[in-house]
Structures are given as structure tokens and as C-alpha cells.
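Some notes on the structure that comes next.
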Amino acid sequence: MCGIVAYIGPKQAYPILIKGLYRLEYRGYDSAGVALADGVLKLYKTHGKVADLDRMVRQHDVASTTGIAHTRWATHGEPNDVNAHPHYSQSGKLALIHNGIIENYSALKEELANRGYVFVSDTDTEVLVHLIEDIQQNEHTSLEEAVRIALNQVIGAYAIVVISEDHPDQLIAAKKGSPLVIGVGNKEYFVASDPSPIVEYTKDVVYLEDEEMAIIPRRGSLVVKTIRNQEKTPYVHHLEMQLTSIEKGGFPHFMLKEIYEQPKSIKDSMRGRLHAAKGVISLGGITDYEQRLMNCKRIIIVACGTSWHAGLVGEYLFEDLARVPVEVEYASEFRYRNPVISEQDIVIAISQSGETADTLAAVEMARSKGATIIGICNVVGSSIARATHAGSYTHAGPEIGVASTKAFTAQVTILSLMALMIAEKKGSISKSRYHQLLGEMELIPQKVEKALEANKQILAISEQFTNVRNFLYLGRGFNFPVALEGALKLKEISYIHAEGYPAAEMKHGPIALIDEDMPVVVIATINGNYDKVVSNIQEVKARKGVIIAVVTEGDRVVRKLADHVIEIPETDEIFVPLVATIPLQLLSYHIAVLRGCNVDQPRNLAKSVTVE
Ligand code: AGP
């Protein structure tokens with residue numbers, strides 16, 4: 001959602017803060033602001049991008065060695081200058097940045113307004129900074145104690161950092177529900193929503209747990225305690241993250257870089273886990289839970305967005321290979337539906353960020369009902385990863401583009417490994433098929449590499465579809481989730497309306513939409529449903545629809561029918577999603593770029609959705 005960065009130490013804070021905001025901009029980009037404490041508290045903020053803030057701030061005095069900064073994704077109040085963070089307290093002596101939602105803000109606001117506090121913004125955040133100041137003044141407490149008392153009155157989610165004019169040698173940070181990490185440098189500290197603004201200065205970090213706060217001094221040691229006033233020993237993790245993994249590396253956009261990283265990211269997801277020659281799959285993170293997976297009566301997969309689409313591929317994989325019934329649930333629906341869950345159920349939670357609020361809540365709910373929870377997350381140490389009993393990290397590396405690409409293929413890779421491992425242990429597939437699939441899986445990275453070679457051709461196709469208003473995506477079997485994912489990718493970055501459907505469902509309604517202005521993307525690879533998909537293509541052609549077909553290399557039948565054909569290398573049906581997704585990602589990317597859209601930061605979206 002929003003991005004938080006803060007610094008205290010001997011260096012000038014502003015250059016660190018602004019660079020940090022650029023790195024965090026993928027989390028939110030409708031407004032940005034910075035507060036610096038240097039004798040007086042200086043606060044600058046504006047609607048728009050981080051670059052707009054930078055342009056504005058550079059005209060002012062930014063000298064200071066303590067500061068906080070924020071890039072916003074609006075929840076309460078439209079994205080304008082006033083609603084941007086940081087927010088001042090009434091006296092102008094405190095400033096606060098916040099990620100999350102204060103759910104009881106209106107009750108607190110009313111109480112504070114009755115006591116004479118004047119609110120200038122529409123945000124829930126402003127309530128918190130007034131509340132802290134109110135406690136500080138009325139109870140004559142320290143800033144740290146006022147923050148602690150205030151947080152005990154707050155219902156909701158927060159990651160906050162507070163800076164004070166009177167105490168420029170201290171920052172106070174706290175978190176519940178939204179992520180916050182503290183970088184421990186040489187006589188300096190950094191605070192951020194994720195490590196990306198920190199890694200270039202230090203790889204030693206402390207992750208705050210929920211309801212913990214940190215008192216961060218200019219000199220001396222970091223103090224961590226709970227908001228119930230229980231002191232904690234900060235545990236310092238050493239990050240493995242490389243700076244190059246969060247830079248564009250010569251690509252015009254993070255999304256394109258991440259699309260091209262997939263041969264490597266898929267390989268990284270398999271590394272040390274798939275040993276085709278030995279016929280072994282070992283997923284260290286779930287070893288202790290293998291028996292439960294083998295004996296479970298049902299698997300429930302919970303996720304949102306692209307991760308939900310990966311979950312749908314997982315359903316096909318687990319049912320086909322391991323013969324376990326699977327239900328794939330939107331986490332947001334599942335958490336509120338009073339679902340039937342028992343101790344025999346395995347819940348697999350899939351999340352790139354590991355911070356998605358709905359998925360986290362679904363995990364907590366299923367856990368409270370006794371289910372075993374397995375996580376498939378990309379971000380190491382994330383909230384969902386920590387809330388599960390066991391899991392496998394995807395190891396795709398940081399995904400910065402808001403549109404998920406390499407995370408999807410990495411998630412499908414892990415699901416494939418899990419399903420194959422359980423199938424082998426249960427004996428639900430023959431030994432020869434198991435070995436054949438392991439051998440084939442090892443070849444996927446090079447097949448993805450080959451699929452990327454169609455980039456130029458896809459760019460040329462994209463040029464013909466930049467002014468289209470609607471798209472339909474069709475696929476059957478393993479290719480149905482691919483169709484859904486292709487449609488999501490196009491709509492989120494190009495703002496063209498797109499729908500994904502199981503190909504055979506077209507005749508039950510969507511066929512009414514087809515005419516010469518309706519491009520239909522069909523994933524028509526050779527598999528058990530191929531002839532039926534060919535019939536669906538005929539149905540579209542009979543109504544003058546325009547077909548863009550993703551086909552298996554060497555296909556002759558669809559080639560004769562389709563207006564545009566993109567070939568992908570042949571692979572087993574169960575692995576086709578890993579390869580067929582690539583041209584669809586490229587198609588969305590090029591159409592969006594040609595339409596002049598900001599593909600890395602599409603409007604209204606944020607990378608990790610830490611609010612409901
Ligand atoms: C993907 O392109 C989207 N931006 C979005 O649907 C995303 O997949 C969803 O919000 C879930 O995020 P997560 O994987 O971090 O939980």
C-alpha cells in the first residue's frame with residue numbers, strides 16, 4: 001500500500017529519504033511527502049509522484065540528519081496535497097507517517113474535535129498524530145510513552161514513524177498488520193516498509209512484530225518493546241538481497257525486466273528441490289508436513305489476484321496428479337463466509353508479497369479452526385510466511401512491477417513440485433510418468449527462454465490492438481487459468497477491458513459480444529481439449545471475431561484459422577501455464593506501453609494490498 005522510509009544518523013537525511021521513496025514508489029504513488037527535523041520541523045508534501053515531491057523540495061532548505069518520508073496509496077481522502085503524509089500535530093511539533101487503516105478513527109476524531117482539535121485532512125492518520133500529542137500534553141509523558149498509550153486506543157492496522165521537533169535525536173516507529181523493517185547501520189538507523197531502501201546502506205535489519213514499537217536513537221542502541229510495555233531483544237537478520245535485484249538493469253520498465261527474468265526465476269524456484277536424474281523432489285520447508293499432505297482429505301487454496309490464478313493451476317495439478325480434491329478460494333470471500341474447515345484440511349496460502357490483508361486474515365481464520373497452513377510466498381519473513389505452519393518460498397527475487405509476472409510462474413513452479421512430490425509418494429501416478437514429468441520440468445526454463453524470442457513479433461501484433469476497447473481470453477483445462485491471468489494483466493496495465501473465460505463457456509453468453517471489433521486471445525496448445533478449442537475458434541471466426549492464438553510450435557490447424565499466431569515450445573500439458581503465460585505478459589506489456597500507460601505503476605493499483 002503506502003511506502004514508509006525514515007533515517008536518523010550522521011548523514012544528510014533527504015538524499016536517503018528521496019532515493020528510498022523512489023524505491024518504494026511501487027507500493028503507492030498518488031502523493032508523497034517528507035518531514036525533516038533540524039531545529040524546526042520542516043514538512044513538504046504534494047499530490048503526484050515522488051519526482052513531483054523532489055522537484056518541489058529541492059527549492060527549499062533540506063539540511064537535516066533526521067527525517068521521515070512517505071509515498072501514499074489513498075484509502076481515506078482523495079490523493080491531494082493536504083491528505084498526503086506526513087501529518088502534523090496541532091502544535092506543528094510532531095509529524096507522523098502511516099501505512100494501514102485506523103478503523104476507529106471517526107470515534108477518536110469526534111472525541112478530539114470536542115476537545116478543540118482542528119482537522120485539516122480527510123485521513124484517518126491525522127487522528128493518530130493529534131491523539132499522540134493530546135496524550136503527551138495531558139498526561140505529561142514522554143513522546144515514546146504517548147505513542148504507546150495512543151496505539152493501545154487504536155483499532156486497525158498500522159506501520160508508523162513519528163518525528164518530533166523537540167526530540168530530533170529520536171524516531172519512534174511501530175507496527176501492527178503493515179510491514180516495517182529497521183536497518184541497523186554504523187551509528188545510523190533506517191526504517192522502511194521493506195528492505196529495498198535500506199540494502200544499499202546495510203544488510204542488517206530488525207523486523208518489528210505486530211504491536212511492537214521501536215525507540216530509535218541517534219546515539220546508542222535501539223529499544224524494542226510491545227505496546228503493552230514489555231521490552232524485547234531485537235533480533236538482527238542479515239539480508240541476502242542484492243542491490244541489482246531492485247534496479248531496472250537496462251530495461252525500460254521493471255515489468256519487462258521481470259518478464260525476462262523468468263527463465264532464471266523458475267530455475268531458482270526449482271534449485272535444490274528438483275533432482276530429475278535422481279527422480280527426487282525435496283521441499284525442505286514442508287518436509288515435516290508431507291504425511292499430512294498425503295493423507296489430507298482436501299486442499300483449500302486461498303489467494304487474491306494473480307496468486308489466485310496460480311492457485312487455480314494448483315487445483316488442476318493436485319487433482320490430476322495427486323488425486324486430492326482442491327477448492328480455490330478468493331481469500332476475501334473465504335474469510336467472511338463461515339467456511340467448513342476441519343483439522344484434516346490443508347490450506348495453501350499463496351502470496352507474492354506475503355502481506356495481502358485478505359490472504360493473511362484467511363490464514364489466521366483457517367488456523368484458528370485447526371487446519372494446517374502451508375505458505376507459498378515470495379517475500380522472505382513476510383507476515384503470511386510467518387503466520388503459516390510450513391511453506392516453500394518461491395525465490396523469484398524482488399518483484400517491483402505492480403503487475404505480477406515472475407511471481408506467478410514461480411508460484412506455479414512450486415505448486416507443480418508439491419503436486420508431483422505428493423503424487424509420487426501416494427503412488428497416484430506411475431513411476432514412468434513421474435520420471436518423464438521431472439525430466440520435462442527441468443527443461444521449462446529453456447522453453448520459457450524460447451517463448452521470449454517471440455517478443456518482436458508480439459510487439460508487431462500489439463501495434464494493431466492499441467485502440468481496442470475490449471478483449472476476450474479463452475482457454476480450457478490448464479489453459480483456463482492462463483486465460484484469466486492474461487486478461488487480468490491486460491486490464492490492469494493498459495486499462496482495456498478484458499475478460500477470461502473457459503473456452504467452452506463462450507457459447508453460454510460472451511459469444512454475444514463477438515464481432516469484428518472484438519479480439520479474442522485463445523490459448524490453443526496441443527492437449528486433450530485441442531479439437532474442442534479449435535471448434536471454439538471456428539465459432540469466433542463465424543462471427544467475424546479476430547483471433548490471436550497461442551499455439552504449440554509447428555501447429556498447422558489453428559494457423560489456418562487465426563489472424564495472428566504466436567508459437568510456444570511443446571511441453572507436457574501440465575506445464576503449459578509456465579510457458580503460455582509468457583506471450584500474454586508480453587502482449588499486455590506492449591499494448592500498455594504503446595498506449596502510453598505507466599506499466600510499472602498503473603493507476604489506482606498498489607503492489608501489496610495491506611488493507612481490505
Ligand atoms: C497482479 O498483477 C496484481 N497486481 C494483484 O492481483 C496481486 O496478484 C494480488 O494483489 C495478490 O498479491 P499477493 O500475491 O502479494 O498476495
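Please read all numbers here as calculations on a predicted model, not as lab measurements. This chain uses plain numbering: 1 for the first residue, then up along the sequence. Read the numbers this way: they start at 1 and go in the same order the structure lists the ligands and their atoms.
Counting the atoms of ligand 1 from 1 in the order shown, those under 4.0 Å from a heavy atom of T306 are 1 (C), 2 (O), 6 (O), 8 (O). Close approach to A403 involves these atoms of ligand 1, each under 4.0 Å from a residue heavy atom: 2 (O). Residue-ligand proximity, S307 to ligand 1, at heavy-atom distances under 4.0 Å covers atoms 8 (O), 13 (P), 14 (O). When each atom of ligand 1 is checked for a heavy atom of Q352 under 4.0 Å away, the hits are 13 (P), 14 (O), 15 (O), 16 (O). Heavy-atom proximity to S404, at under 4.0 Å, picks out these atoms of ligand 1: 1 (C), 2 (O).
Listed here is the closest heavy atom pair of A419 and A322: O-CB, 4.0 Å.
The distance from atom CG of L53 to atom CD1 of I18, rounded to the nearest 0.5 Å, is 4.5 Å. To the nearest 0.5 Å, atoms CZ (R273) and CD1 (I281) are separated by 11.5 Å.
Nearest protein heavy-atom neighbour of atom 15 (O) of ligand 1: S353 OG, 2.7 Å. For atom 6 (O) of ligand 1, the closest heavy atom belonging to the protein is G305 CA, 3.2 Å. In terms of protein heavy-atom proximity, atom 9 (C) of ligand 1 is closest to C304 O, 3.7 Å.
With sequence neighbours left out, R595 forms a side chain to side chain contact (heavy atoms under 4.5 Å, CB included) with T466, S494, I496, I591, C597. The salt bridge (Lys or Arg N to Asp or Glu O under 4.0 Å) test applied to E499 returns no partner, not counting sequence neighbours.
Partner of T306 under the side-chain hydrogen bond (donor to acceptor under 3.5 Å, both in side chains) criterion, out of K489, Q352, Q411: K489 alone.
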**Item:** Y260 vs N455, side chain to side chain contact (heavy atoms under 4.5 Å, CB included): CA-CA, chis, key distance, verdict
**Value:** CA-CA 10 Å; Y260 269 88; N455 184 41; 3.2 Å; yes
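At a 4.0 Å cut-off, at least one heavy atom of V402 sits close enough to ligand 1 to count as contact.
Counting heavy atoms closer than 4.0 Å to ligand 1, residue K489 contributes side-chain atoms (C-beta onward) but none from N, CA, C or O. Under 4.0 angstrom from ligand 1, the non-hydrogen atoms of E492 all belong to its side chain.
Between F478 and Y316, the angle of the ring planes lies from 30° to 60°, which puts this pair in the tilted group.
Among V609, I376, T356, the residue whose heavy atom lies closest to atom 16 (O) of ligand 1 is T356.
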